[in-house]
2 protein chains.
Amino acid sequence: MSNQKSPGARGSDAVKSSLSVEAWAEAALDALATGGLDAVAVEPLARRLGVTKGSFYWHFPSREALLREALKLWERHETIDARAGVEEMTDPYERIVRLFKQANSSYKAGRLYLALAAASDDPAVGEVVKRVSANRLNYLNQCYRALGLSELDARLWSTFAYATFIGNQQVHRDTPEQFPVDEDFRAYFKLMLKTLVPRPGGPVDGEA
Amino acid sequence: MSNQKSPGARGSDAVKSSLSVEAWAEAALDALATGGLDAVAVEPLARRLGVTKGSFYWHFPSREALLREALKLWERHETIDARAGVEEMTDPYERIVRLFKQANSSYKAGRLYLALAAASDDPAVGEVVKRVSANRLNYLNQCYRALGLSELDARLWSTFAYATFIGNQQVHRDTPEQFPVDEDFRAYFKLMLKTLVPRPGGPVDGEA
DNA sequence: TCGTTTCCATACTTCAACGTACGGGATAAA
DNA sequence: TTTATCCCGTACGTTGAAGTATGGAAACGA
């Protein structure tokens with residue numbers, strides 16, 4: 001980063017400039033979700049925002065810096081928003097249900113994750129994707145442990161559930177016509193819940 | 001395409017030239033699996049193959065033609081190989097089990113699918129991905145119907161199972177450390193089979 | 001009002017990849 | 001041996017985006 005300290009004047013609150021930087025980062029995430037990593041290009045983004053490169057290179061020293069900022073923003077969204085509306089659920093079963101509903105509700109967030117995961121070749125991207133993914137898995141794991149599952153069972157079930165919802169995003173994106181909607185989706189969701197979340201007190205499925 | 005008819009001489013068998021074209025297509029798929037769609041670039045591929053652009057532009061009129069050829073090759077692999085070793089299984093349960101094992105065995109194929117799916121913005125790529133994905137889903141659907149499930153149940157279960165395995169590839173790629181291996185993987189696989197494939201004669205899970 | 005700082009536009013250089021033109025060596029037919 | 005075709009290398013023109021340099025308009029403090 002280069003020189004963002006006091007935008008309006010003295011130390012007012014450093015919001016206007018920081019908002020401009022964040023606007024670039026948001027635009028970068030938007031481009032990522034629709035066009036992949038190469039779509040995060042300075043000149044196309046500038047055109048999209050109605051400015052020129054001159055503006056960009058005042059806020060950022062390079063394209064890579066924009067990417068870092070966008071990744072930081074995404075990771076913050078992904079870790080803050082993921083916990084919102086879930087933490088306050090005390091019953092572990094209801095908490096997992098809430099998690100599932102939330103995971104299935106944000107289509108745009110799903111596209112973003114898929115786009116970033118596809119760009120994991122880039123080391124900076126891969127690092128953040130790995131951290132976010134590991135975070136989700138660990139949290140899901142804790143939820144399953146709270147259901148009374150053993151360490152191994154919780155790990156297997158959480159991986160199972162997580163893979164299923166990642167795959168749902170993928171199938172929904174790649175083959176939208178085949179993905180259940182409305183009534184069918186409700187039945188589909190119900191089926192997944194019933195299958196992926198062992199009810200407390202139900203059969204525990206050890207091995208064999 | 002431009003001009004490939006008789007490589008050695010008269011109409012011998014048109015294999016040497018066709019093999020050269022296929023070699024380019026294979027290289028393109030390799031690059032796709034590791035570096036994404038942008039890695040399918042003429043000059044880098046030529047360097048990788050130890051030749052120059054001069055060779056490429058004799059076999060192909062453009063980069064897009066190479067992409068089309070690579071996609072054609074991939075689709076052929078994906079539809080031929082997918083049926084191999086599965087069709088001869090008569091018992092529907094065993095057939096699904098075989099399908100699952102096969103889907104989990106080819107890591108490279110999984111990476112290729114993910115890379116292509118990530119490049120679905122390209123219309124040519126998106127079309128093929130959609131076709132391949134729909135094919136797999138329909139085949140899985142038939143397998144579940146053969147198990148005795150209703151049309152709706154088969155559609156839901158096949159979507160469920162397919163999403164899970166797509167997601168497994170994704171998780172395995174994005175968070176390899178978290179993915180179960182060896183003993184754990186066997187338990188994981190067993191769990192998925194038991195969960196995703198209703199045994200014939202078992203509980204059918206209608207609704208509610 | 002005057003000068004400074006903020007933010008952006010314009011013009012330029014660099015670079016990598018696409019595509020084209022052309023030439024040359026090798027091989028097989030005559 | 002001559003000739004034509006196959007296959008590929010070299011050199012060139014073009015495009016799009018990265019990054020740099022510089023100027024200028026507007027807002028703000030003094």
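Naming convention: chains lettered A, B, ... in sequence-line order (proteins, then strands); numbering from 1 in each chain.
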Review point. Looking only at heavy atoms, which two atoms of A:Cys143 and A:Pro92 are closest? And how far apart?
Key: O-CB, 4.4 Å
Point to revise | Whole-Å distance separating the OH atom of A:Tyr57 from the C1' atom of C:dT10 | key: 15 Å
Check your understanding: Would you call A:Lys72 and A:Glu69 a salt bridge, using N to O less than 4.0 angstrom?
Key -> yes
Exercise for review: Only counting residues at least two apart or in another chain, list the ones meeting ring pair (Phe, Tyr, Trp, His ring centres under 6.0 Å) with A:Tyr139.
Suggested key: none
Revision key, fill the gap. Of the listed C:dA9, D:dC8, C:dC18, the closest approach to the A:Ser55 side chain comes from C:dA9
Exercise for review: In whole angstrom, give the distance that lies between atom CZ of B:Phe60 and atom C1' of C:dA17.
Suggested key: 17 Å
Check your understanding: Can B:Arg95 and B:Glu87 be counted as an ion pair, charged N to O under 4.0 angstrom?
Key -> no
Point to revise | Proximal nucleotide (of C:dA11, D:dA17, C:dA9) relative to the A:Lys53 side chain | key: C:dA11
Check your understanding: Salt bridge or not for B:Glu64 and B:Arg68, using N-O below 4.0 Å?
Key -> yes
Review point. What nucleotide among C:dC8, D:dA18, D:dC8 has an atom nearest to a side-chain atom of A:Thr52?
Key: C:dC8
Point to revise | Within 45° cone of A:Tyr57 ring axis and under 6.0 Å: A:Arg63 NZ or CZ | key: no
Check your understanding: How many Å lie between CZ on B:Arg63 and C1' on C:dT20, as a whole number?
Key -> 18 Å
Exercise for review: Ignoring backbone atoms, test whether B:His59 places a side-chain nitrogen or oxygen under 4.0 Å from the OP1 or OP2 oxygen of D:dC8.
Suggested key: yes
Practice item. Among the candidates C:dC18, D:dA18, C:dC8, find the nucleotide nearest to the side-chain atoms of A:Trp58. Key: C:dC8
Review point. Quick one: is D:dG16 close enough that its OP1 or OP2 comes under 4.0 Å of any side-chain N or O from A:Arg47?
Key: no
Check your understanding: Once you round it to whole Å, what is the distance between P of C:dT10 and CZ of A:Phe56?
Key -> 18 Å
Practice item. Mind calculating the distance between CG (B:Leu67) and C1' (C:dC18) to the nearest angstrom? Key: 14 Å
Review point. What are the residues of residues 28-42 of chain A, sorted by number, that bring a heavy atom to within less than 4.0 Å of DNA chain D?
Key: A:Ala41, A:Val42
Review point. With nearest nucleotides of DNA chain D determined for A:Gly54 and A:Glu43 from heavy-atom distances, which residue corresponds to the more 5′ nucleotide?
Key: A:Glu43
Review point. Which residues pass the ring pair (Phe, Tyr, Trp, His ring centres under 6.0 Å) test with B:Tyr107, sequence neighbours left out?
Key: B:His172
Study note, to complete from the structure: Rounded to whole Å, the CG-P distance (A:Leu45 to C:dC8) equals 14 Å
